[in-house]
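Worksheet: one structure, shown below.
The model shown is predicted, which means the values in this text are computed figures rather than measured ones.
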Amino acid sequence: MLTPRLKAVADFVPLNVRLADIGTDHANLPIFLMNLHKITAAIAVDVREGPFSTAQSAVTQHNLTRQIEVRLGSGLSVIHPNEVDIAVFAGMGGTLITNLLKASSATVASLHGLILQPQLAAEKLRRYIYEIGWHIEAETLAKEQHHIYQIIYAIPGRREMPDSVSLEIGPMLLRERPPLFSLHLDVLLHRNKKIAAELANSQLPKNKLARRNLLTLINDLELNKYDKMPGYNGCNGKNSSSHIS
């Protein structure tokens, strides 16, 4: 069985695709999906020798060596363009995921979708998705113990860049407000308030500007928590009269 976090990732995987699971660890995700007959093939990738060997053993134990190939390497560097349809990056920081995507732009361009579960810096990752001419099609939240995880499903196709509060919260989460939405905002508020407090005594101009921007973001997060932003449509942070090109 998968954890709630990985189960939410698995739910975003389309039927009958070839999957790349980056940072596969024990290869739990591709094994689960293959046993459900949801995917046709998978490449499980890990950069560390230990998880790579563990994944190989798990795939062998489940008699799936013909369907799931385990590779040692960083990100998509060991995957050629058009080898897979969907790539999953789960359990890494948003900055690391962004850097791994940048390092394999040709392979990314050949994909039909990305399923991303950033541990931190989700807003930076969302921004990069839009910068490369992709957009966020769906998002969800998962809870494990005391942690709230964001899962993002992105596909090719240029859309208008969401504003800063939508990038912070998640444009589809903001629009759909799933059951864990309030807890998600609590996490974002706590994190940003902590950073703002750390910058409070700094006299550096760049830190003063950063704190002002944070206070604006915090105010917007609080308004969204209590649903006090009239006309907010959740797609790009603008009112309902806005048009997404």
Open item on the list: Taking Lys225 first and then Asp186, would you say they form a salt bridge - that is, a charged N and a carboxylate O separated by under 4.0 Å?
Closed with: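 Salt bridge between Lys225 and Asp186, a charged N being under 4.0 Å from a carboxylate O: yes.
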
Indicate every side-chain donor-acceptor pair of residues 1-15 with a distance under 3.5 Å to a residue at least two apart or in another chain.
unit_1, atom_1, unit_2, atom_2, d
Thr3, OG1, Leu6, N, 3.3
Thr3, OG1, Glu144, OE2, 2.9
Arg5, NH1, Gln117, OE1, 2.6
Lys7, NZ, Asp11, OD1, 2.8
Lys7, NZ, Asp11, OD2, 3.4

For a quick test of your reading: what N or O donor-acceptor pairs under 3.5 Å do the side chains of residues 16-28 make, sequence neighbours left out?
unit_1, atom_1, unit_2, atom_2, d
Arg18, NE, Asp85, OD2, 3.3
Arg18, NH1, Asn82, O, 2.9
Arg18, NH1, Glu83, O, 3.2
Arg18, NH2, Asn82, O, 3.2
Arg18, NH2, Asp85, OD1, 2.9
Asp21, OD2, Thr24, OG1, 2.7

- [ ] Give a yes or no on this: more than 12 heavy atoms of other residues, nucleotides or ligands lie within 6.0 Å of atom NZ of Lys143.
- [x]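 Buried by this count: over 12 neighbours within 6.0 Å.
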
TODO: Could you list the residues that satisfy salt bridge (Lys or Arg N to Asp or Glu O under 4.0 Å) with Glu168, not counting sequence neighbours?
DONE: none

Task: Any residue meeting salt bridge (Lys or Arg N to Asp or Glu O under 4.0 Å) with Lys194, in chain and number order, not counting sequence neighbours - done: none

Heavy-atom donor-acceptor pair, [X] side chain to [Y] backbone, under 3.5 Å:
X	Y	answer
Ser166	Pro162	no
His62	Ala58	yes
Arg126	Leu167	yes

Quiz: residues 205-212 side-chain donor-acceptor pairs under 3.5 angstrom, not counting sequence neighbours:
unit_1, atom_1, unit_2, atom_2, d
Asn207, ND2, Ser202, OG, 2.9
Lys208, NZ, Gln203, OE1, 3.4
Arg211, NE, Ala196, O, 3.0

TODO: Classify the side-chain pair Asn219/Thr216 by whether it contains a donor and acceptor separated by less than 3.5 Å.
DONE: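 Short answer, no.
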
In residues 90-97, what donor-acceptor pairs under 3.5 Å come from side-chain atoms, sequence neighbours left out?
none

Task: Approximate separation, where rounding is to 0.5 Å, of Ile129 CD1 and Glu131 CD - done: 10.5 Å

